[in-house]
Undergrad: 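The following block contains the structure, expressed as structure tokens.
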Amino acid sequence: MTYSIVRVTTLIGAHRYGNTDSDIAFLLTDSRSLCFPEETLFFALKSERNDGFRYIPELYRRGVRNFVVSAVPDDYATAYPDANFLKVESPLIALQRLAERHREEFDIPVVGITGSNGKTMVKEWLYQILSPDMMVVRSPRSYNSQIGVPLSVWLMTEKTQVGLFEAGISKPGEMLALRNIIQPTISVITNLGAAHQENFESQEAKCREKMTLFHDAGTAVYCSDEAVVNDTMNASDYNGERLAWSEKNPDAPFFIKSVEKKDTSTTVHYIYKGKEGVYTLPFIDEASVRNSVSCAVVALHLGLSPEVLDGRMRRLEPVAMRLEVKKGQRGCTLINDSYNSDVNSLDIALDFMNRRPDHKGRRRTLILSDIYQSGRPLDELYADVSAMACKRGVEKIIGIGPQIASQADVIEVPEKHFFPDCASFIRSAAFDGLHDEVILIKGARRFGFDNLTELLVEKVHETILEVNLNAVVKNLNYYRSFLHPDTKMVCMIKADAYGAGSVEIAKTLQEHRVDYLAVAVADEGVTLRKNGITQNIMIMNPEMTAFKTMFDYDLEPEVYSFRLLDALVTAARKEGITNFPVHIKLDTGMHRLGFDPEKDMDELIDRLHRQNAIIPRSVFSHFVGSDSDAFDEFSKRQFELFDKGSRRLQAAFQHKILRHIDNSAGIEHFPERQLDMCRLGLGLYGINPIDNSVINNVSTLRTTILQMRHVSAGETVGYSRKGKIERDSVIAAIPIGYADGLNRHLGNRHCYCLVNGKKADYVGNICMDVAMIDVTGIDCKEGDRVEIFGDGLPVTVLSDALDTIPYEVLTGISNRVKKVYFQD
């Protein structure tokens, strides 16, 4: 759904500065998440550590034109001539008010879910249970905060039939705003744990705050066996339907007659409003059983039959980001629950580890961070932790953080180790000593437990690749000079930025404000994200096994087939993803990958319309031969096909879909076909693909002379005696071989390198780690530098000798070659 900027101004009660007509479809609070600037409304939120106001210049440059602010820039009319600034007292309150007004547009079942634990699980399982029949919108991941809830509710559209939203609070007075935004017709409380207890005078006070969510809901779902919850409900003035569930009270609306647990499943026999039913779920831990009951009550209330409910319960899948089981190094199995850290969720995770049938008889280890916000004395808290761990068979505890370390004496397990932070643990013998164990990783987010399985090893090699970052910028600006001011640029940094090193190249490009980066596979994108790259990243060859990685790291995949499209939509739905941006590829003549722009468009548009998990951000195709006049007629036909197909796709959607077909050669050869965006690849690294000339050299591969020796005429050099010496010669050995990316076919005098500016032929077969060169007559010595390609020896000399293209030479450089970056 979209709102005009005029209507938004009215809904939030703002004073508008600027008069640009705009339609708003996307709300943004974190500049790093920008995707659709043309239809984005940015709320400049202020926190203790940050102020969204300072990101306005960057966002404006990236295309955002609508901002909600508490103060208007003094120079707004001149610095932001086509922007709208909506001035309010509080951008956060304005965000919440806009979501509240948006929610009022819908007369559908909306489920609000609160509780200390289990909110995400109940929400995700309800989605799995209800989505086969209904169009369901739910909170992405754990968007349950004062900011997350309005962003979640905003995702509702005309097609939405059910809404599922989490509501999380940590202190008094927070739930009222969330209730007003969600306006639940059904409210659920999962349980009442110890989280955030330090902010409330009692459990009863915290329960009253959480159950503020219930006040205007038509139906309340809760466990009447939980005394504080039941007493709070009975003492309230709630007038709606009370769907309490109980294992003790046969008169409860939902009574659990019995629970049968097997090795990998649990069967629940129940009576709902006088009728008996049964369902089986593929989980055995207590938390899953409790949460399944909340789901069952809501689903039955919404009209699912007991038979359908049972069938869908049996197919429930684990909730993403919780209790993930992974194969670890050195014979270990990892149970990753590094999502949060509190006593209740720790107990759940320990129970899960203990019940896993494939773990019986193996040593169990718990890696645990400090537990915050419990509101309990530390000695009492960690004594309970110790008792729970021992009860579940934990033999070793590794504590991370000052609090848990201070309570070492109360933790009673056979083996224990404590460290101030994660980095100290990774450097320790205790980390190196992990082997053949079942390891539960449980930690608060601030401790960065995602780094535990990563060991960084410095690579040292006498062969280095020098990368000139200034040359990268010069090449970028060279191609920008061909573009219209409003044409966007996506820079290809796949294959480790054509061998130049993707992280440093990406940092340079981000600094110089390119619009998109593109890599081949998700792991390349993850590397960029972990090194501080916030720019939009496109994945050109997405693997179906990497969908979760792409979701986790905001990596936008190319979609080129119906099989990939369906798999991606299914995966996104399971992860709770809505409107995840993708890039649609059309095959206009390359016949490699892509949808047929003449045959597939109706089906493609229909499938895209029948879901809300993904949304097309761009549509593109590849020229077959934009670097040659000989293919101009074919290129013309390609463009006509693309233009027709891409226009049909754009016409089917209200939001702006970027169109791009020009690559490096196309930018120069077909400037009239720039469209919305161009893709810069080889040209960025200094090679002009039209004539194979060097624009500004970026990469120089250098090594050193290890040893020099005199070799008499008639002798041979290297394996298989291929290097026949016809005159008395001086032969030097250099520490580079085919394992470093020096192609074997360059040997036997098929090409040369430079030693002190002089040509030195490769002699004999190039070995894995060493090559031999003829330095006869060259003034040189051991330790002197050797240029394999670079400023003095263009990489195109090597590619011509190999009868290949510069891409192959550049991307063939091994990761063991150390990279050195400089600016001249």
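Only a predicted model underlies this, so the values are computations on that prediction, with no experimental measurement involved.
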Undergrad: Start with the C-alpha gap between S294 and W245, add the side-chain angles, then the distance that decides, and say whether side chain to side chain contact (heavy atoms under 4.5 Å, CB included) holds.
TA: CA-CA 8 Å; S294 295; W245 63 269; 3.9 Å; yes

Undergrad: Side-chain contact, heavy-atom cut-off 4.5 Å: L126 with V188?
TA: no

Undergrad: Under the salt bridge (Lys or Arg N to Asp or Glu O under 4.0 Å) rule, what do E100 and R97 come out as? Steps first, then yes or no, please.
TA: CA-CA 5 Å; E100 185 178 334; R97 184 177 298 170; over 6 Å; no

Undergrad: Using a 4.5 Å cut-off on heavy atoms from C-beta on, say whether the side chain of M211 contacts that of S187.
TA: no

Undergrad: Does the side chain of L565 come within less than 4.5 Å of L604's, by heavy atoms?
TA: yes

Undergrad: If you look at every heavy atom in T280 and S265, which pair is closest and at what distance?
TA: CG2-CB, 4.1 Å

Undergrad: Distance check, rounded to the nearest 0.5 Å: F42 atom CZ versus T29 atom OG1?
TA: 7.5 Å

Undergrad: Between the side chains of S646 and R659, is a donor N or O closer than 3.5 angstrom to an acceptor N or O?
TA: yes

Undergrad: Of all heavy-atom pairs between V490 and L517, which one has the smallest distance, and what is that distance?
TA: CG2-C, 4.2 Å

Undergrad: Would the H609 and F653 ring centres measure less than 6.0 Å apart?
TA: yes

Undergrad: Are the side chains of L28 and Y55 in touch, meaning some heavy atoms are under 4.5 Å apart?
TA: no

Undergrad: Show, in sequence, the C-alpha distance, side-chain angles and deciding distance for F547 and T570, and conclude whether the side chain to side chain contact (heavy atoms under 4.5 Å, CB included) test is met.
TA: CA-CA 10 Å; F547 288 157; T570 299; over 6 Å; no

Undergrad: Look at the side chain of Q128 and the backbone N and O of R312, then say whether any donor-acceptor pair between them is shorter than 3.5 Å.
TA: no

Undergrad: Looking at every heavy atom in both A14 and L86, which two are closest together, and how far apart are they?
TA: CB-CB, 3.8 Å

Undergrad: In terms of heavy-atom contacts, does CZ of R610 have more than 12 from other residues, nucleotides or ligands at under 6.0 Å?
TA: yes

Undergrad: Kindly say whether G115 contributes a backbone atom to a donor-acceptor pair with the side chain of K119 at under 3.5 angstrom?
TA: yes

Undergrad: Using 30° and 60° as the class boundaries, would you call the ring planes of Y60 and Y80 parallel, tilted or perpendicular?
TA: perpendicular

Undergrad: Which pair of heavy atoms, one from A244 and one from P253, lies closest together, and at what distance?
TA: O-CD, 3.2 Å

Undergrad: Spell out, as yes or no, whether a donor-acceptor pair under 3.5 Å connects the side chain of E209 to the backbone of M175.
TA: yes

Undergrad: Mind checking what makes salt bridge (charged side-chain N to carboxylate O under 4.0 Å, His left out) contact with R101, not counting sequence neighbours?
TA: E104

Undergrad: Can you confirm whether the side chains of N541 and Y560 place a donor and an acceptor under 3.5 Å from each other?
TA: no

Undergrad: Hey, can you tell me if H583 and H660 have their rings parallel, tilted or perpendicular (30° and 60° cut-offs)?
TA: perpendicular

Undergrad: Does any N or O in the side chain of N84 come within less than 3.5 Å of the main-chain N or O of N66, such that one atom is a donor and the other an acceptor?
TA: no

Undergrad: Of the non-hydrogen atoms in P581 and F36, which two are nearest, and what is the gap between them?
TA: CB-CZ, 4.1 Å

Undergrad: Can you confirm whether L304 sits close enough to L130 that some side-chain heavy atom of one is under 4.5 Å from a side-chain heavy atom of the other?
TA: yes

Undergrad: Nearest 0.5 Å please: distance from the CG atom of N180 over to the CG atom of D216.
TA: 8.0 Å

Undergrad: Between R529 (side chain) and I533 (backbone), is there a donor-acceptor pair under 3.5 Å?
TA: yes

Undergrad: Looking only at side chains, do N536 and R62 share a donor and an acceptor under 3.5 Å apart?
TA: yes

Undergrad: List the steps and the verdict of salt bridge (Lys or Arg N to Asp or Glu O under 4.0 Å) for R65 and D82.
TA: CA-CA 7 Å; R65 292 297 179 264; D82 55 345; 3.2 Å; yes

Undergrad: Check E558 with R679, please: is the shortest side-chain N to carboxylate O separation under 4.0 Å?
TA: no

Undergrad: Taking R617 first and then E556, would you say they form a salt bridge - that is, a charged N and a carboxylate O separated by under 4.0 Å?
TA: no

Undergrad: Which one of Y272, F254, Y222 satisfies the side chain to side chain contact (heavy atoms under 4.5 Å, CB included) criterion with L243?
TA: Y272

Undergrad: Y3 side chain to T9 main-chain N or O, any donor-acceptor pair under 3.5 Å?
TA: no

Undergrad: Does the side chain of S139 come under 3.5 Å of the side chain of E166 through a donor N or O and an acceptor N or O?
TA: no

Undergrad: Quick one: are F165 and V110 in side-chain contact, heavy atoms under 4.5 Å?
TA: yes

Undergrad: For the ring pair W125 and F283, is the centre-to-centre distance below 6.0 Å?
TA: yes

Undergrad: Do you know the tightest heavy-atom contact between Q161 and P109?
TA: O-CD, 3.4 Å

Undergrad: Could you tell me the separation between the CG atom of D515 and the SG atom of C678, rounded to the nearest 0.5 Å?
TA: 10.5 Å

Undergrad: Sequence neighbours excluded, which residues qualify as side chain to side chain donor-acceptor pair (under 3.5 Å) partners of K273?
TA: E241

Undergrad: Have S47 and N50 got a donor and an acceptor in their side chains that come within less than 3.5 Å?
TA: no

Undergrad: I186 versus V221: any side-chain heavy-atom pair under 4.5 Å?
TA: yes

Undergrad: For the side chain of N291 and the backbone of V122, is there at least one donor-acceptor N/O pair under 3.5 Å apart?
TA: no

Undergrad: Looking at D606, I'd like to know if its CG atom is crowded, meaning that more than 12 non-hydrogen atoms belonging to other residues, nucleotides or ligands lie closer than 6.0 Å.
TA: yes

Undergrad: Testing Q650, K488, K656 one by one against D676 for a side-chain hydrogen bond (donor to acceptor under 3.5 Å, both in side chains), which residue passes?
TA: K656

Undergrad: Side chain to side chain contact (heavy atoms under 4.5 Å, CB included) between I577 and I614: does it pass, once the steps are laid out?
TA: CA-CA 8 Å; I577 302 294; I614 65 173; over 6 Å; no

Undergrad: Taking the six-membered ring of Y127, is the NZ or CZ of R138 close enough (under 6.0 Å from the centre) and on axis enough (within 45°)?
TA: yes

Undergrad: Between T266 (side chain only) and L281 (backbone N and O only), is there a donor and an acceptor less than 3.5 Å apart?
TA: no

Undergrad: So F43 and L98, do their side chains get closer than 4.5 Å, heavy atoms only?
TA: yes

Undergrad: Looking at CD1 of I182 and CD1 of I113, how far apart are the two atoms once the value is rounded to the nearest 0.5 Å?
TA: 9.0 Å

Undergrad: Within the side chain of Q611, is there an N or O that forms a donor-acceptor pair under 3.5 Å with the backbone of L608?
TA: yes

Undergrad: Walk me through whether R592 and D587 qualify under side chain to side chain contact (heavy atoms under 4.5 Å, CB included).
TA: CA-CA 7 Å; R592 184 174 59 181; D587 176 16; over 6 Å; no

Undergrad: Looking only at atom types and distance, does a side-chain atom of T114 sit under 3.5 Å from a main-chain N or O of A167, one as donor and one as acceptor?
TA: yes

Undergrad: Looking just at side-chain N and O atoms, do Y279 and S292 make a donor-acceptor pair shorter than 3.5 Å?
TA: yes

Undergrad: Return yes when atom CD of Q654 has more than 12 non-hydrogen atoms of other residues, nucleotides or ligands closer than 6.0 Å, and no otherwise.
TA: no

Undergrad: Would K644 and E640 count as a salt bridge (Lys or Arg N to Asp or Glu O under 4.0 Å) if you check the C-alpha gap in whole Å, the side-chain angles of each, and the deciding distance to 0.1 Å?
TA: CA-CA 6 Å; K644 181 179 179 181; E640 289 171 348; over 6 Å; no

Undergrad: Give me the ring orientation class for H622 and F620: parallel if the planes are under 30° apart, tilted from 30 to 60°, perpendicular past 60°.
TA: perpendicular

